[in-house]
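All remarks here apply to the structure that follows.
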Amino acid sequence: MTFQLQVLGCGDAFSSGGRLHTCFLLSGETNDGALSPTLLDCGATSLAAMKARGIEPATIRTILITHLHGDHFGGLPFLLSDAHYRARRATPLTLAGPPGLRERLRHAAEALYPGSSRRELAFELEIVELHERESVSINGLRVIPFEVVHPSGAPSYALRVEYGGRTLAFSGDTEWTEALIDAAAAADLFICECNFYDRPVPNHLNYVELLAQRQRLDCGRVLLTHLGDDMLERTDLEIETLADGRIYDI
């Protein structure tokens with residue numbers, strides 16, 4: 001079996017270093033068939049990222065959202081407009097994220113394109129609310145959310161995603177919280193935000209703090225994402241960092 005993650009964007013909110021906003025493409029295949037293309041977060045630049053990599057947005061079947069900030073879910077209004085007007089999408093799309101996703105998406109769409117939230121789509125759009133530590137099956141994936149510390153007007157989650165006996169965990173955005181230990185437990189790959197090197201900033205992690213906690217994370221490979229300028233300048237990091245465009249086996 002295969003389970004892979006392609007980095008379409010791994011930047012912070014300010015696109016430090018020219019990196020695109022958070023958007024990961026999940027793909028996989030078992031003896032029972034292939035996983036439908038899935039996005040893990042869909043930041044504001046995600047549509048451009050997909051097209052730059054030759055990925056047809058209309059093929060995406062599922063989008064998992066960690067929290068409701070623009071650099072993590074702000075690409076949804078553009079993706080839905082592309083599906084409606086350009087791709088003439090007819091296949092179903094499932095969005096799964098924190099409670100309030102439907103209403104926040106409506107407000108975002110109306111702010112960007114007034115009237116767009118009221119248009120009649122030619123495809124089925126399902127919106128699934130994820131709840132703290134409740135396991136749910138979504139289009140071939142097992143997803144478990146863990147609430148973290150990152151105010152976003154709704155619960156912010158780390159997500160644990162299981163497929164074909166392999167497990168990916170993603171912190172979303174958060175300061176250090178014991179919930180990350182549970183989210184990452186026995187994961188094959190743990191992607192963790194690390195916005196700063198040693199500056200203690202509320203609601204975000206820094207590298208020095210994360211390194212001190214690394215032994216408590218009972219997981220396999222750890223990769224850092226959401227890097228700010230001071231992290232991108234470092235050449236002495238002991239934990240590997242993500243980069244736009246790379247593909248990782250889970």
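The basis for the numbers below is simple: all heavy atoms, side chains too, and nothing from hydrogens, waters or symmetry mates.
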Discussion item. According to salt bridge (Lys or Arg N to Asp or Glu O under 4.0 Å), who are the partners of D230, at least two apart in sequence or on a separate chain?
Written reply: none
Fill in: Under the side-chain hydrogen bond (donor to acceptor under 3.5 Å, both in side chains) test, residues paired with D218 that sit two or more places apart
none
Discussion item. Please list all pairs meeting ring-ring contact (aromatic ring centres under 6.0 Å, His included) that have one or both residues in residues 92-139, counting only residues at least two apart or in different chains.
Written reply: none
Worksheet entry | Any donor-acceptor pair under 3.5 Å from R160 side chain to A185 backbone | yes
Worksheet item: With distance as the sole criterion, is a donor-acceptor pair present between the side chains of R119 and S81 under 3.5 Å?
Response: yes
Item to complete: Is it possible for you to say whether V136 and L95 belong to one hydrophobic cluster, with membership spreading through side-chain heavy-atom contacts below 4.5 Å?
Response: no
Worksheet item: How far does CD1 of I247 sit from CD of Q4, to the nearest 0.5 angstrom?
Response: 6.0 Å
Worksheet item: With a 4.5 Å heavy-atom cut-off, do C219 and R214 have their side chains touching?
Response: yes
Worksheet item: Where the side chain of D244 meets the backbone of C10, is there a donor-acceptor pair that is under 3.5 Å apart?
Response: yes
Worksheet entry | E178 and R216 ion-paired at < 4.0 Å | yes
Worksheet item: Can you tell which of T167, L35, D188 makes a side-chain contact (heavy atoms from CB on, under 4.5 Å) with F3?
Response: L35
Discussion item. I'd like to know if the side chain of S171 and the backbone of E193 have a donor-acceptor N/O pair within less than 3.5 Å.
Written reply: yes
Worksheet item: Can you name the nearest heavy-atom pair linking P37 to L25, along with the distance?
Response: CB-CD1, 4.4 Å
Extract all donor-acceptor atom pairs below 3.5 Å that involve side chains of residues 73-80 and protein atoms in other chains or at least two apart in sequence.
none

Fill in: Cluster overlap I65 with L40, hydrophobic side-chain contacts below 4.5 Å
no
Fill in: Minimum heavy-atom distance between S16 and D229, given as atom pair plus value
CB-OD1, 3.3 Å
Worksheet item: Measuring from T22:OG1 to D173:CG, what's the distance to the nearest 0.5 Å?
Response: 6.5 Å
Worksheet entry | Polar side-chain atom of R86 near backbone of R89 as donor-acceptor pair, under 3.5 Å | no
Practice prompt. Mind checking salt bridge (Lys or Arg N to Asp or Glu O under 4.0 Å) for R102 and listing every partner two or more places apart, or none if nothing turns up?
Written response: none
Discussion item. Using the salt bridge (Lys or Arg N to Asp or Glu O under 4.0 Å) criterion, which residues pair with E209? Sequence neighbours excluded.
Written reply: none
Discussion item. Can you pull out every ring-ring contact (aromatic ring centres under 6.0 Å, His included) where at least one residue sits in residues 223-250? Sequence neighbours excluded, please.
Written reply: H72-H226, H204-H226
Discussion item. Please report the interatomic distance CG(D12) to CG(D71), rounded to the nearest 0.5 Å.
Written reply: 7.5 Å
Worksheet item: Is there a side chain to side chain contact (heavy atoms under 4.5 Å, CB included) between L141 and T38 once you walk through the steps?
Response: CA-CA 9 Å; L141 298 169; T38 299; 3.8 Å; yes
Discussion item. Has H21 got a side-chain atom pairing as donor or acceptor with A13's backbone, closer than 3.5 angstrom?
Written reply: yes
Practice prompt. Please determine if D182 and R133 form a salt bridge, counting it only when a charged side-chain N lies under 4.0 Å from a carboxylate O.
Written response: yes
Item to complete: Not counting sequence neighbours, list each pair that qualifies as a ring-ring contact (aromatic ring centres under 6.0 Å, His included) and has a residue in residues 26-53.
Response: none
Item to complete: Take V149 and E175 through the side chain to side chain contact (heavy atoms under 4.5 Å, CB included) test and state the conclusion after the steps.
Response: CA-CA 6 Å; V149 184; E175 61 186 61; 3.4 Å; yes
Discussion item. I'd like to know whether CG of N31 has more than 12 heavy-atom contacts from other residues, nucleotides or ligands below 6.0 angstrom.
Written reply: no
Discussion item. Donor-acceptor pair, distance only, cut-off 3.5 Å: does the side chain of R104 make one with the backbone of L68?
Written reply: yes
Response to the item:
For A169 and A183, the nearest pair of non-hydrogen atoms, with its separation, is CB-O, 3.4 Å
Worksheet, complete the sentence: Correct closest heavy-atom pair for H67 and S152 would be CB-OG, 3.9 Å
Worksheet item: Between T225 (side chain) and L242 (backbone), is there a donor-acceptor pair under 3.5 Å?
Response: no
Worksheet item: Got T94 and I63 here, is their nearest side-chain heavy-atom distance under 4.5 Å?
Response: no
Discussion item. Using the rule given for side chain to side chain contact (heavy atoms under 4.5 Å, CB included), can you reason through L8 versus L39, listing the C-alpha separation, both sets of side-chain angles and the distance that settles it, and then say yes or no?
Written reply: CA-CA 9 Å; L8 303 182; L39 294 185; 4.1 Å; yes
Discussion item. Is the shortest side-chain heavy-atom distance between R246 and Q6 below 4.5 Å?
Written reply: no
Item to complete: Search all heavy atoms of E129 against all heavy atoms of G100 and return the closest pair with its distance.
Response: OE2-N, 3.4 Å
Worksheet item: Applying side-chain hydrogen bond (donor to acceptor under 3.5 Å, both in side chains), which residue pairs with at least one partner in residues 43-52 are found, sequence neighbours left out?
Response: K51-D82
Worksheet item: Have N139 and S36 got a donor and an acceptor in their side chains that come within less than 3.5 Å?
Response: no
Discussion item. Could you tell me if R142 and S135 have a donor-acceptor pair between their side chains, going purely by distance under 3.5 Å?
Written reply: yes
Worksheet item: Should side-chain heavy atoms under 4.5 Å link Ile, Leu, Val, Met, Phe, Trp and Tyr, which residues sit in the same cluster as Y207?
Response: V148, W176, L180, I181, F190, Y197, L205, V208, L210, L211, L217, V222, L224, L227, M231, L232, L237, I239
Practice prompt. Taking the side chain as every heavy atom from C-beta outward, state whether V161 and L64 have any pair of such atoms under 4.5 Å apart.
Written response: yes
Worksheet item: How many angstroms lie between CZ in R234 and SG in C194, if you round to the nearest 0.5 Å?
Response: 11.0 Å
Worksheet entry | Approximate separation, where rounding is to 0.5 Å, of I127 CD1 and R106 CZ | 11.5 Å
Worksheet item: Hydrophobic cluster mates of F146, side-chain heavy atoms under 4.5 angstrom, ILVMFWY only, any path?
Response: I144
Practice prompt. Determine, using the 4.5 Å side-chain heavy-atom cutoff (strictly less than), whether F170 and I138 are members of one ILVMFWY cluster.
Written response: yes
Worksheet item: Which residues satisfy the salt bridge (Lys or Arg N to Asp or Glu O under 4.0 Å) test with D32, sequence neighbours excluded?
Response: none
Worksheet entry | G33 versus Y163, closest heavy-atom pair with distance | O-OH, 3.6 Å
Discussion item. Main chain of H150, side chain of S156: is a donor-acceptor contact present, judged purely on distance under 3.5 Å?
Written reply: yes
Discussion item. Is there a side chain to side chain contact (heavy atoms under 4.5 Å, CB included) between L168 and L159? Walk through the geometry before answering.
Written reply: CA-CA 8 Å; L168 164 70; L159 293 181; over 6 Å; no
Worksheet item: Linking I/L/V/M/F/W/Y whenever any side-chain heavy atoms sit under 4.5 Å apart, do L125 and I60 land together?
Response: yes
Fill in: Main-chain N/O of G115 paired to E110 side chain as donor or acceptor, under 3.5 Å
yes
Item to complete: Following the transitive rule for hydrophobic clusters with a side-chain heavy-atom cut-off under 4.5 Å over Ile, Leu, Val, Met, Phe, Trp and Tyr, establish whether L26 and L93 coincide in one cluster.
Response: no
